[in-house]
Amino acid sequence: MPATRQQLFDRLDALGIAHETVDHPPVFTVEEGRDIKAKMPGGHTKNLFLADKKGRIILVSALGETQIPVNRLHRLLDCGRLSFGKPDLMEAVLGVTPGSVTAFALINDVEKRVHFVLDAALTRHDPVNFHPLSNDATTAVSCADLIRFAEDTGHPVQIVDFEALSAEAGAAQ
């Protein structure tokens, strides 16, 4: 069974991670959440659930405005070409559905199948904001605490500078 929002909050509390949550109508895209996010401080995120044909799973958490060159990411991560993961795989591994992808879903990946990638631009914001396992709320934590949470779930964090990667992609064309 996937963790509930309360179980997530209990885990954050057990780690001594301060968190604040705002309930709101469900949000499925970065654009839909603009008005809600305007009232909340910090870095707001987009999260991509990606997979390659060999079964490698990547979760990317990035600043909402960051351009992510998915077609070049596989070279950096030393995996096969990436595409968006199927909803049934997302639900099986992270326990969330499309529109609710979040770094907090790492709590549900008990088999440690997911490789977690964090946008360098997001690390320059405090707090950082993620859905607490469903897209009808947003939870803020410090970036350092997000990293601590991910590592506590058994997911080392790989920080990637997507701005530099995008610049390299542009220069290569």
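For T102 (side chain) and F104 (main-chain N/O), a donor-acceptor pair under 3.5 Å exists by modelled atom type. Remark: the backbone N or O of L63 is paired with a side-chain donor or acceptor of D119 at under 3.5 angstrom. A donor-acceptor pair is defined here as one N or O able to donate and one able to accept, closer than 3.5 Å; no such pair exists between the side chain of R5 and the backbone of A137. Side chain of H131 to main chain of T138: no donor-acceptor pair is present (N/O by atom type, distance under 3.5 Å, no hydrogens or angles).
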*asked:* If you apply the rule side chain to side chain contact (heavy atoms under 4.5 Å, CB included), what do you find for V22 with K39, and how did you get there?
replied: CA-CA 10 Å; V22 174; K39 299 173 188 159; over 6 Å; no
*Verdict with supporting geometry, M90 and V96, side chain to side chain contact (heavy atoms under 4.5 Å, CB included)*: CA-CA 6 Å; M90 178 190 305; V96 295; 4.0 Å; yes
*asked:* What verdict does the side chain to side chain contact (heavy atoms under 4.5 Å, CB included) test give for T153 and D109, after you've listed the backbone C-alpha separation in whole Å, the side-chain angles of each residue and the deciding distance to 0.1 Å?
replied: CA-CA 8 Å; T153 66; D109 179 26; over 6 Å; no
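Residue Q158 qualifies as enclosed at atom CD: its count of foreign heavy atoms under 6.0 Å is above 12. For K112, the NZ atom is densely surrounded, since the number of other residues' heavy atoms within 6.0 Å is greater than 12. Remark: E111 CD is loosely packed, at most 12 non-hydrogen atoms of other residues, nucleotides or ligands lying under 6.0 Å away. Around atom CD of E151, more than 12 heavy atoms belonging to other residues, nucleotides or ligands sit under 6.0 Å away. For Q67, the CD atom is loosely surrounded, since the number of other residues' heavy atoms within 6.0 Å does not exceed 12. Open room surrounds CG on D35; 12 or fewer heavy atoms of other groups in view lie less than 6.0 Å from it. Annotation: D88, atom CG; neighbour count of heavy atoms from other residues, nucleotides and ligands within 6.0 Å is above 12.
The distance from atom OG of S61 to atom CD1 of I159, rounded to the nearest 0.5 Å, is 11.5 Å. Rounded to the nearest 0.5 angstrom, L8 CG and D13 CG are separated by 9.5 Å. With rounding to the nearest 0.5 angstrom, the NE2 atom of H24 is 6.5 Å from the CE atom of M40. Rounding to the nearest 0.5 Å places CG of L48 at 10.0 Å from CG of L82. Put simply, CG on L12 and OG1 on T21 are 8.5 Å apart, with the number rounded to the nearest 0.5 Å. We find the CZ-NE2 distance between R113 and H155 to be 10.5 Å, quoted to the nearest 0.5 Å.
For P87 against P98, the heavy-atom pair with the smallest separation is CB-CG, 3.8 Å. Scanning all heavy atoms of the two residues, the minimum distance from C79 to R56 falls at CB-NH1, 3.5 Å. H125 and C143 make their closest contact through O-CB, 3.7 Å (heavy atoms, listed as atom of the first residue, atom of the second, distance). Closest non-hydrogen pair, N129 versus A140, comes out as OD1-CB, 3.2 Å. For the pair V141 and D126, the tightest heavy-atom approach, listed with the atom from each and the gap, is O-OD1, 4.3 Å. Closest approach of V60 to I58, counting heavy atoms only: CG2-CG2, 3.9 Å.
Hydrophobic clustering (side-chain heavy atoms under 4.5 Å, transitive across Ile, Leu, Val, Met, Phe, Trp, Tyr) keeps V27 apart from F49. In the hydrophobic clustering of ILVMFWY residues, with side-chain heavy atoms under 4.5 Å counting as a link, F116 and L133 come out together. The cluster map of Ile, Leu, Val, Met, Phe, Trp and Tyr, joined by side-chain heavy atoms under 4.5 Å apart, puts F130 and F162 in different clusters. L59 and I57 fall within the same hydrophobic cluster, defined by Ile, Leu, Val, Met, Phe, Trp and Tyr side-chain heavy atoms under 4.5 Å apart, directly or through other members. Both V101 and L118 belong to a single network of hydrophobic side chains, linked directly or stepwise wherever heavy atoms of I, L, V, M, F, W or Y lie under 4.5 Å apart.
For the residue pair D52 and H74, no side-chain donor N or O sits within less than 3.5 Å of a side-chain acceptor on the partner.
When the side chain to side chain contact (heavy atoms under 4.5 Å, CB included) test is applied to P26, the partners found at least two apart in sequence or on another chain are F28, N135, D136.
The aromatic rings of H19 and F9 sit parallel to each other, their planes meeting at less than 30°, with 60° as the upper class boundary.
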